[in-house]
4 protein chains.
Amino acid sequence: MKSRKTPKQSRSKVTVEAILQATTHILLKEGIQALTTNHVADRAGVSIGSLYQYFPNKESLVAELIEQHVQKEINSMTAVIEEWQGAINEDFFRKFIQVFIQVHLDEIELTQLLHLQVNSLECRDVLRKASLLFQQITASILAKSLNLNEKSRLIQTKAFIVTNTVDSLVQTALVEDASMLSEAIFIDELVQLVCHIFNQSGEA
Amino acid sequence: MKSRKTPKQSRSKVTVEAILQATTHILLKEGIQALTTNHVADRAGVSIGSLYQYFPNKESLVAELIEQHVQKEINSMTAVIEEWQGAINEDFFRKFIQVFIQVHLDEIELTQLLHLQVNSLECRDVLRKASLLFQQITASILAKSLNLNEKSRLIQTKAFIVTNTVDSLVQTALVEDASMLSEAIFIDELVQLVCHIFNQSGEA
Amino acid sequence: MKSRKTPKQSRSKVTVEAILQATTHILLKEGIQALTTNHVADRAGVSIGSLYQYFPNKESLVAELIEQHVQKEINSMTAVIEEWQGAINEDFFRKFIQVFIQVHLDEIELTQLLHLQVNSLECRDVLRKASLLFQQITASILAKSLNLNEKSRLIQTKAFIVTNTVDSLVQTALVEDASMLSEAIFIDELVQLVCHIFNQSGEA
Amino acid sequence: MKSRKTPKQSRSKVTVEAILQATTHILLKEGIQALTTNHVADRAGVSIGSLYQYFPNKESLVAELIEQHVQKEINSMTAVIEEWQGAINEDFFRKFIQVFIQVHLDEIELTQLLHLQVNSLECRDVLRKASLLFQQITASILAKSLNLNEKSRLIQTKAFIVTNTVDSLVQTALVEDASMLSEAIFIDELVQLVCHIFNQSGEA
DNA sequence: AATGAATGAGGCTTCATTCAT
DNA sequence: AATGAATGAAGCCTCATTCAT
């Protein structure tokens, strides 16, 4: 279920790029119900036959988009972690959350759609993988912070909670009231939440 | 977008019930992509014509299911709040979260589907309304607890965070690893989280 | 293909009347595509079962309406003929045409619909029968006027032409520009036309 | 409401042609109630999908047929007028009527159906436009003949009468007794009628 | 006589995908 | 490599009609 061909010639790259842009455009401007392969090909200025030369089916269009989006997310977040020199404290969490929000705001509409409208198992899997990756990164930071085993149920639970809390709050805010994401009150609360989870050793 | 007829004879109540059960069954066992009106009618042992006498279109099947589900959720949660005699403390939050989890576990698979696979705006609206209701209830409890104005941005933000955190953590746990929902560790963390948000006055 | 029962009790007459009125109303206000048996029954305040007790099928509803309409037409026109004391001259034709137009104007909208939208063979047959009846009446008047055999091809052709010319001109005027029907110019032309056909002996 | 695609390859021209022929065939042999898109596609030896590539809906099939038919009609009649060198006299009218009848006889059955069975507003509009075009052409000839203003109510009324009389008489004859159309008696009467209307200046 | 729930054939249309050119 | 015509399974829904109550 991956692209039939990996475009090697620049002509092909242009085609693939046009198809993905058309997909994005339709998703954004017309909604997922307008996302038909013929429509995408049309908008991309490409024949339907060409579309199927690079994408084995409709799903793979959206999957590719998600994959690219998730990759950006991962890159941004791992960069923050790797570049961070100081201690794992409130400052770090604030920085982390700010970048996380920024990544989502950068592609605000597409993100919303991908999260709200994408059902297919394949696509969900891509999203889930990213989630798990974050969760493990968080677990390892937590383990160091609390001086506990990374694989312990407590650490895993905390990692699960932190990861999903931040993710879903940002997601929901994006859909319900995106302005929240720019407010200090919202960010402060999120940072407090994360700090709280990180600081208590679990016996509280 | 409402039922065409309100069944008057007992015969038709049976029909409507059969249709809703078939809808649930298909959603659960075959996924939303298998939810076609003909398939539902088939499984319900009812003619397609009968289905359309009580449901104006495919959407309304799922809408009805969601409405019923949301109603159960609301009933259970408001009951907890109304019956609670003591103070708004950790015990209350624990009780609240336990019931909340229980409500979701009761219809575990359906809940998953409804939250994961339902796209239609109409359905989303029903879910959103329930969300907002909870958020306002939470806001009013918070306002009393912290002795602040219920409409203040801080209270609203806190209510948004608490509500969505609990909701989405339970949802995600349901999908990813339902066993979590029965573990003390998970519940404790959640309770801690909520307590933390309730206890800090926002300047922390 | 006639009514299953002939209503004998007054209760039944009321029902039948209600059904026909509902049919007329829907035809007039909503168009023929809205003419469904269930809709008619609804509007008549009668159960669909009752409708089928008096009308064997949907067609028969419209057929009955047409039959009644045609009967009125025939009654009016034969009355004119029978009551006419003088010679068959321009005055007679004028009178005849005026009454003919009046009959159509009386039920202007229904007439339009019946002529424009009714396709079914059964209905067409009723209309055709009326046409032929007029044609034969006209032929007999013509035969006397011109002192020729009523069955001769010339008389039949003239009768056909007169009958259909008047009928179709009135019909078309009704649809395209009903105001014409009240204008002296229009009526005069029609009268001239008819006079012309009646007066020439065919060798012109 | 126009063809989705204009066929570019010759292959598709064949397809479109087959579809239109199938439409005609079904209309002719089975009646408009048998004119379903699937049936047309079947008879055309084409997939239902292909039909919908060239015709946006069922209506457009009939619309296309009518448009083509009306175009032929207009072409033939304007040719007669343009090629006529002599005066506007009985000979001209005879020629005109003969060609008019011939055009209808050429596609005798289709013409019948189109005029009898076609309800849709869109289709009626196409037919009406053709009617009005003829009426205006007639009005202009009449105006010259009688030396009156083309836009005067008298001329317009006469044009309306001539046009519709000829048209509806030919139509009806076609349905009721097509043999009439070949008889001198019928044609003579029609010519007389038209001459009569053209010759009187309106005050007769 | 009346009711209205139930029926189901069949209509229209979409759209992912294939394949001959 | 690209094109775009062709495919057809399958979806949604309507509505004339029947029949148990």
Side-chain angles (χ1 to χ4, degrees), chain A residues 5 7 9 11-12 15 33-42 46-61, chain B residues 4-5 7-16 33-42 45-59, chain C residues 5 7-9 11-12 15 33-42 45-61, chain D residues 4-5 7-16 33-42 45-59:
Chain A
K5 299 180 184 181
Q9 301 183 9
R11 185 159 46 136
S12 320
T15 301
Q33 86 291 343
L35 192 78
T36 70
T37 50
N38 283 288
H39 190 20
V40 169
D42 251 25
V46 150
S47 75
I48 181 66
S50 292
L51 186 152
Y52 275 91
Q53 216 140 53
Y54 297 110
F55 296 89
N57 52 42
K58 182 180 162 176
E59 289 268 284
S60 60
L61 291 170
Chain B
R4 290 174 165 184
K5 285 184 187 179
K8 287 170 186 170
Q9 299 180 5
S10 68
R11 190 164 44 134
S12 46
K13 274 182 197 154
V14 172
T15 300
V16 168
Q33 86 290 344
L35 192 80
T36 73
T37 51
N38 283 293
H39 191 21
V40 169
D42 251 24
V46 147
S47 74
I48 182 67
S50 289
L51 186 153
Y52 276 95
Q53 282 212 341
Y54 301 107
F55 298 90
N57 51 44
K58 182 182 161 175
E59 290 267 286
Chain C
K5 300 180 183 181
K8 286 170 187 170
Q9 301 185 8
R11 185 160 45 137
S12 317
T15 300
Q33 86 291 343
L35 192 78
T36 71
T37 50
N38 283 290
H39 190 18
V40 169
D42 250 26
V46 149
S47 75
I48 180 67
S50 292
L51 187 153
Y52 275 93
Q53 215 140 53
Y54 297 110
F55 296 89
N57 52 43
K58 181 180 162 175
E59 289 268 286
S60 60
L61 290 171
Chain D
R4 290 174 167 184
K5 284 187 189 176
K8 286 170 189 171
Q9 299 180 7
S10 68
R11 188 164 44 136
S12 46
K13 274 182 196 153
V14 172
T15 299
V16 167
Q33 85 290 343
L35 192 78
T36 71
T37 50
N38 283 291
H39 192 20
V40 169
D42 251 24
V46 146
S47 75
I48 182 65
S50 288
L51 187 154
Y52 276 94
Q53 284 214 336
Y54 301 107
F55 298 90
N57 50 44
K58 181 180 161 175
E59 290 268 285

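By convention in this document, chain letters (A, B, ...) are assigned in the order of the sequence lines, proteins followed by strands, and residues within each chain are numbered from 1.
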How many whole angstroms separate atom [atom1] of [X] from atom [atom2] of [N]?
X	N	atom1	atom2	answer
A:Q33	E:dT13	CD	C1'	16 Å
A:N38	F:dA5	CG	C1'	11 Å
B:D42	F:dA10	CG	P	14 Å
D:E59	E:dG11	CD	P	16 Å
D:K13	E:dT21	NZ	P	18 Å
A:Y54	E:dA16	OH	P	21 Å
B:F55	E:dA6	CZ	C1'	15 Å
B:L35	F:dC12	CG	C1'	12 Å

query: Using purine N1 to pyrimidine N3 plus N6-O4 or O6-N4 for Watson-Crick, or N1-O2 and O6-N3 for G-U wobble, each under 3.5 Å, what pairs with F:dA6?
result: E:dT17

query: For E:dA9, what is the paired nucleotide under Watson-Crick or G-U wobble rules, both distances under 3.5 Å?
result: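 Its partner is F:dT14.
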
Answer yes or no: does a side-chain N or O of [X] lie under 4.0 Å from OP1 or OP2 of [N]?
X	N	result
B:S50	E:dT7	yes
B:T15	E:dA6	yes
D:Q53	F:dG4	no
D:S47	F:dT7	yes
D:Y52	E:dT13	yes

Given DNA chain F, 5'-ward residue of the pair B:K58 and B:G49, judged by closest heavy atom: B:K58

- prompt: Between D:G45 and C:T37, which is nearer to the 5' end of DNA chain F once each is assigned its nearest nucleotide?
  reply: D:G45

- prompt: Of the non-hydrogen atoms in B:Y54 and B:V16, which two are nearest, and what is the gap between them?
  reply: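 In terms of heavy atoms, the two residues are closest at CG-CG2, 3.6 Å.
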
statement: From the list A:V40, A:T37, A:D42, side chain to side chain contact (heavy atoms under 4.5 Å, CB included) with A:I48 holds only for A:T37

query: Which nucleotide sits closest to the side chain of B:I48: F:dA6, F:dT17, E:dA9?
result: E:dA9

query: Closer to the 5' end of DNA chain E via nearest nucleotide, is it D:H39 or C:L51?
result: C:L51

Interatomic distance, A:Y52 atom OH to A:S60 atom OG [nearest 0.5 angstrom]: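 Taking OH in A:Y52 and OG in A:S60, the distance rounds to 8.0 Å.
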
